[in-house]
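First up is the structure itself, then whatever we jot down about it.
Atoms within a ligand are numbered from 1 in the order they appear, just like the ligands themselves. Keep in mind the model is a prediction, meaning the values are calculated, not measured.
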Amino acid sequence: MKILVLNCGSSSLKYQLINMEDESVLAKGLCERIGIENSRIKHEGKGKYENICNMKDHKDAIKMVIDALLNPDYGVIKSIDEVNAVGHRVVHGGEFFSESVIVTEEVKKSLEECVELAPLHNPANILGINVCEELLKGKPQVAVFDTAFHQTMPEKAYLYAIPYEYYEKYKIRRYGFHGTSHRYISQRLSEIINKPLEELKVITCHLGNGASVCAIKNGKSVDTSMGFTPLEGLVMGTRSGDLDPAIIPYLCEKENMSVKEVEKVLNSKSGVLGVSCVSSDFRDIEDAVSKGDKKAESALELFYYRVAKYIGSYAAAMNGVDAIIFTAGLGENSPETRQNICNYLNYLGVQIDDQKNNCRGKETIISTENSKTSVYCIPTNEELVIARDTKCLLDK
Ligand code: AMP
């Protein structure tokens, strides 16, 4: 069985074709600048291929992907019939979806209702589904949601302390994101240590350009740092994370900005970029710190401190923690980040083994044998989860 995994963004599309017999990636690639001039596809299959071409919309992009997969030189399939199904990453499933689903007309109606909750993401995801229904007629489509894993959170974790009627009327609550990633790495941990998740308290730290922490008790998400939107929680590449909501009207007044403009500042000009005034990329900031840049140092300190505070609060929420896992661009590749966060965790009995921690992008236990809480680096694989969920639903 071969499954095409699609992650449609507003102007980009990432894809993988996965052979479910051995879970190998047959081909992968990226379409960028969809709807903008100089759009391009980067494809890796039997060979590598890159082309600047005109993709005016997602339909053009998905056609390019299909052409690349079928190409005799760098493609990997002879006929589109070899693709059994398509798995779509969908950012927001609201309160409708607590697990992945086969797309039906009813599912599509619910997805439309979630657009209000994720206006930047869900429209592109829905577009991807619609285009695939047209271009890959009759192939099952599966939606896998970033929010679904967190639907197990108890009310005390997902309610905001604002008038209850706003939850009832507008569904304002914590949803959480990166659920596919938190789910995958906690399951991998359970396989690595050969212990059922139902017996574990785990804190997963997805630290990439977007970043979130999740408390997973007995295999269920009981709290997570992203909220109603992916803006809440940790300090991120360009997002502020938690802040006093009173800052928003104050800034509107002082800077003569609209609420929308302030929201944009908080989403795209804040985080480590905003504090460091250097970059949203942690590698650039680490470089600047090594040259003595004080603001860059403050940005990193703020980032580590916030992650450590969340780990502490989730250890409290679960009344303990057995393992902490780091993943995503920064969590997988930056020993300094893991070390600096873990420096705050002596009270949990965390001891990091410097040699083991000196790893990048591979599954490793990075704590010492005597560490009371184990700490791991586990690379995430959201595409594989999407493909597995798709296969699982088809098998049913
Ligand atoms: P992601 O969103 O998961 O792709 O993560 C992207 C972020 O990971 C980048 O913005 C970098 O800040 C960070 N990153 C990736 N590789 C490294 C590295 N070797 N050292 C430090 N940070 C890294």
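Cation-pi geometry between R306 and Y310 is not met: the NZ or CZ atom fails to fall both under 6.0 Å from the ring centre and inside 45° of the normal.
The residue from R283, H178, H206 that puts a heavy atom closest to atom 21 (C) of ligand 1 is R283.
Considering backbone and side-chain N/O atoms, N209 comes within less than 3.5 Å of an N/O atom of ligand 1. Distances between N or O atoms of G329 and those of ligand 1 include at least one value under 3.5 Å.
For F303 and F282, the distance between ring centers is under 6.0 angstrom.
Side-chain contact annotation: D281 with S279, donor-acceptor N/O pair under 3.5 Å absent. For the residue pair K201/N319, the side-chain donor-acceptor check at 3.5 Å is not satisfied. Under 3.5 Å, the side chains of E155 and Y167 contain no donor-acceptor pair of N or O atoms.
In this structure, atom 22 (N) of ligand 1 lies nearest to the protein heavy atom L330 CD1, 3.4 Å.
The side chain to side chain contact (heavy atoms under 4.5 Å, CB included) test with T180 singles out one residue from L384, T380, V385, and that residue is V385.
Short contacts between ligand 1 and F282, defined as distances under 4.0 Å to a heavy atom of the residue, involve ligand atoms 11 (C), 12 (O), 22 (N). Near G208, meaning under 4.0 Å from any of its heavy atoms, are these atoms of ligand 1: 1 (P), 2 (O), 3 (O), 5 (O). Every atom of ligand 1 with a heavy atom of D281 under 4.0 Å away is listed here by number and element: 9 (C), 10 (O), 11 (C), 12 (O).
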